[in-house]
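Sequence lines set the chain letters: A, B, ... in the order given, protein chains first and strands last, and positions in each chain run from 1. Note: hydrogens, waters and symmetry copies are ignored here, and every other heavy atom, side chains too, is used.
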Amino acid sequence: MKLEVETPRRLIDITRLGLTGIEETTSGGLRIGAGASNSALAADRRVRERYPVLAEALLAGASGQLRNRASFGGNLLQRTRCRYFQDVGKPCNKRTPGQGCSAREGEHRNLAILGHSPACVATHPSDMAVGLAALDAVVHTRAPGGGRAIPLVELHRLPGDDPSQDTILRPGELIEAIELPPLPFAVRSRYRKVRDRASFAFALVSVAAALDLDGDRVRDVRIALGGVAHKPWRATVAEEALRGGPASADAFAAAAEAELAAARPLPDNAYKVALARNVLARTLTDLAEEAR
Amino acid sequence: MDPALAETVITINGEERRATVDARTTVLDLLREQLGLTGVKKGCDHGQCGACTALLDGRRVNTCLLLAVSASGGELVTIEGLAQDGALAPAAAGVHRPRRVPVRLLHARADLLGRGDARRGRRGGRRADRRRDPRAHERQHLPLRAVREHRPGDRGGRTVKPFAYERATDPDGAVATYADGDRYLAGGTTSST
């Protein structure tokens, strides 16, 4: 709003709806109110013990001051930090559909390598959402016609020819809670973020991963990538390549390679392809070594 | 009342303060411009530098990103609130050892620090006047003034556009009251308009 990117006629303050609880679900997961603060969530013992990847992702984002105010639901609905989106003096299809994209030919070092379109190469800025994408989280909404449950990986859209829409939420639809299903092997999970400086910077590339081993083989795995696409990128290709296979550094590297085969980098962000591949392989190798 | 105006009641450093503000006013601007509490500083005004930090309900927050109307009902402690009888309160003194350094020397070379205010009084005129106005050395750039002066269609500076503010108290109420062109504060929505 300070940049006049958003100019609402009316602002409805939803910070006092009482949706701040973090509760156990009957299935053994957690249901987290959309109003819970990022700092409360990162400090919650159940989150830290059962879903460390989420606590790490939360703490990797923003600053202490911001995490105290940032809500769980609001974090998911952050808008891109693409500089052309934020500069109302420059054309941007996301801000004003049909204007064109300044980033393709301009500054795009931080922007997407996967799933982008001619209309938009923006990335989604949230760390937390990447952790949630790996954990199969489900978003519960409330809306005039009744609420619905949306898998987190389907909440955010790829830009296609309408980048103005970040998510599939309808006007007025309100995120009420996020549910984390039980995932026992997530006790061994990790969020690794690569950025230009040590703290308070958005991810160039980030990896959220959880690994379940059966001896030297991969029984199950969850992987999501951040900083690479218009949405948290669930790495289903790499997951598929790994399940049932050997838990070796070579296998991890091959799976990462397979996931990044779909990358279409722009001239100035080609480095992200190798970076994502290496960080993903390294994170999985570290998780496997810790398990042994 | 003008729909862009709203009442806010915040307990600031233990004292209940009531103000009618333009809904665009941040807690930072309320503190500095209306209440004369200039311990919070306007650095970036975008939540990055942290110079505006204060405690809201015991937690540190960026006051530049907090609407005064949204903070209504809260308890705020600024750096001024750490003082007791003109000195640092005991609890704060346990963390911060007091040391008095003139603000304008904070960025000076270390060897000048000892000399402190030796130069004070040698200069008259505007500089001395500035010293007497505690805020003169930190004159703010456009956004502060712009919030007060903004008129529809005014392109004089980058400002927040006026909006009406409403607080929802329950989820169903929030959903029911939503209309085209609205936005949720803290929860967003990327609806088209």
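Contact of A:Leu66 with chain B is made through backbone and side chain together, with heavy-atom distances under 4.5 Å. The parts of B:Ala168 that come within reach of chain A are both its backbone and its side chain, each placing non-hydrogen atoms under 4.5 angstrom from that chain. For B:Ala71, the part lying near chain A is the backbone, with the side chain staying farther off; criterion is any non-hydrogen pair under 4.5 Å. If you measure heavy-atom distances from A:Arg16 to chain B, the contacts under 4.5 Å come from both the backbone and the side chain. Within the 4.5 angstrom heavy-atom criterion, atoms from both the backbone and the side chain of B:Thr177 approach chain A. Within the 4.5 angstrom heavy-atom criterion, atoms from both the backbone and the side chain of B:Cys64 approach chain A. Of the two parts of B:Asn62, the backbone and the side chain both hold a non-hydrogen atom closer than 4.5 Å to a non-hydrogen atom of chain A. With a 4.5 angstrom heavy-atom cutoff, B:Ser72 touches chain A only via backbone atoms.
With no hydrogens or angles considered, no side-chain donor-acceptor pair links B:Thr11 and B:Glu75 at under 3.5 Å. Side chain to side chain, A:Asn110 and A:Thr123 fail the donor-acceptor criterion of an N or O pair below 3.5 Å. A:Ser39 and A:Asn68 are linked by a side-chain donor-acceptor pair at a separation below 3.5 angstrom, with hydrogens and angles left out of the test.
Heavy-atom neighbours of A:Arg48 CZ from other residues, nucleotides or ligands within 6.0 Å: at or below the threshold of 12. By the neighbour-count criterion of 12 heavy atoms within 6.0 Å, atom CG of A:Leu158 is densely surrounded, having more than that number from other residues, nucleotides or ligands.
The most heavy-atom pairs under 4.5 Å with chain B, out of A:Leu17, A:Thr7, A:Ile12, come from A:Ile12. Contact count against chain A (heavy-atom pairs under 4.5 Å) is highest for B:Asp172 among B:Thr53, B:Leu56, B:Leu67, B:Asp172. Most heavy-atom pairs under 4.5 Å with chain B: of the set A:Ala62, A:Ala143, A:Ser63, A:Gly35, this distinction falls to A:Ala143. Chosen from B:Glu166, B:His46, B:Arg59, the residue pairing most often with chain A at heavy-atom distances under 4.5 Å is B:Glu166. Taking B:Thr169, B:Asp170, B:Leu65, B:Val69 one by one and counting their heavy-atom pairs under 4.5 Å with chain A, the maximum is reached by B:Thr169. Taking B:Gly47, B:Ala174, B:Ser70, B:Pro171 one by one and counting their heavy-atom pairs under 4.5 Å with chain A, the maximum is reached by B:Pro171.
Under the 4.5 Å side-chain criterion, counting only non-hydrogen atoms from C-beta, A:Leu30 is in contact with A:Val47. The side-chain heavy atoms of A:Val88 and A:Leu3, taken from C-beta on, include no pair separated by under 4.5 Å.
Salt-bridge annotation for A:Glu173 and A:Arg142: absent, with no side-chain N of the basic residue lying under 4.0 Å from a carboxylate O of the acidic one.
Note that CD of A:Gln78 is 8.0 Å distant from CE of A:Met128, once rounded to the nearest 0.5 Å.
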